Amino acid sequence: MATKMELAPLRPWDDFFPGADRFAKPDVSDLAKWNNRMISNLMYYQTNYFAVAVVVFLIVGFLNPFGMFLGGTVVTLVFAGSVWAGENKATIKSFKRKNPTLFVIGVMVTSYFLLSLFGGVMVFIFGITFPLLLIMIHASLRLRNMKNKLENKIEGAGLKKTPMGIIMDLLDQQEDKMNKIQDIIESRLK
């Protein structure tokens with residue numbers, strides 16, 4: 001049963017930036033837990049992240065409109081090509097599922113290389129890479145709360161579909177998350 005896509009609500013800014021007590025360095029020795037924290041925050045704060053990215057895009061786009069258009073087009077085409085290759089080539093699909101961060105880094109490096117051929121590297125760095133870096137840093141450091149966890153489980157169960165959920169599906173991250181949730185539930189039932 002297909003669900004209609006919904007936009008996630010804009011979270012209050014005092015929840016998005018609550019203070020130093022709700023941020024913590026991730027446990028780099030447990031990559032699965034770190035990945036789960038990032039995915040949960042990306043899903044929960046997706047509209048806030050989108051707003052931050054739009055502000056940076058607008059500032060850079062105002063300063064260099066053609067470069068920003070070229071950079072956005074190249075990154076979009078490379079991402080779409082990578083997703084297509086990931087769906088049609090088993091080795092790429094496996095790599096994308098096991099290493100989503102490396103997959104996104106590969107998309108960005110490929111985009112950087114292509115933009116360097118057109119002379120749009122600075123626009124790429126400030127207009128595209130910088131907002132993504134800010135988003136990844138926040139998603140890595142922000143501790144989750146109960147509301148965050150509940151919303152993510154609702155979306156993961158397929159009861160809601162949001163733009164970030166679609167991107168996570170394209171990166172093959174939703175299925176893994178649901179398997180983890182199922183494993184936790186099964187372990188508690190035993």
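Keep in mind it's a predicted model, so treat the numbers as computed, not measured. All residue numbers refer to positions in the sequence shown, counting from 1.
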Connected via hydrophobic side-chain network under 4.5 Å: [X] and [Y]:
X	Y	result
F79	F57	yes
F130	V55	no
V74	F113	yes
I135	F23	yes
L134	L63	no

Might you point out which heavy atoms bring [X] and [Y] nearest each other, and give the distance in Å?
X	Y	answer
R37	R142	CD-O, 3.5 Å
R11	Y44	NE-O, 3.0 Å
D27	S29	OD1-OG, 2.5 Å
M68	V60	SD-CG1, 3.8 Å

Point to revise | N/O donor-acceptor pair under 3.5 Å between S82 side chain and V78 backbone | key: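 Here the side-chain-to-backbone pair exists.
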
Practice item. Output yes when a side-chain donor or acceptor of E87 lies under 3.5 Å from a complementary backbone atom of W84, and no otherwise. Key: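 Flag not set: sc E87 to bb W84 has no pair under 3.5 Å.
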
**Study point:** V54 and L58: CA distance, side-chain angles, deciding distance, side chain to side chain contact (heavy atoms under 4.5 Å, CB included) verdict
**Key:** CA-CA 6 Å; V54 165; L58 288 174; 3.8 Å; yes

**Study point:** Neighbour count >12 (heavy atoms, 6.0 Å) for atom CZ, F95
**Key:**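 For F95, atom CZ is crowded (more than 12 foreign heavy atoms under 6.0 Å).
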
Practice item. Mind checking ring-ring contact (aromatic ring centres under 6.0 Å, His included) for F16 and listing every partner two or more places apart, or none if nothing turns up? Key: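 Scan of F16 (ring-ring contact (aromatic ring centres under 6.0 Å, His included), adjacent residues dropped) gives W13, Y45, Y49, H138.
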
Review point. Between CE of M136 and CG of L42, what distance do you get to the nearest 0.5 Å?
Key: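 Separation between the atoms: 5.0 Å.
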
Review point. Taking atom CG of L114 and atom CG of L70, what is their separation to the nearest 0.5 Å?
Key: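 Rounded to the nearest 0.5 Å, the CG-CG separation comes out at 9.5 Å.
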
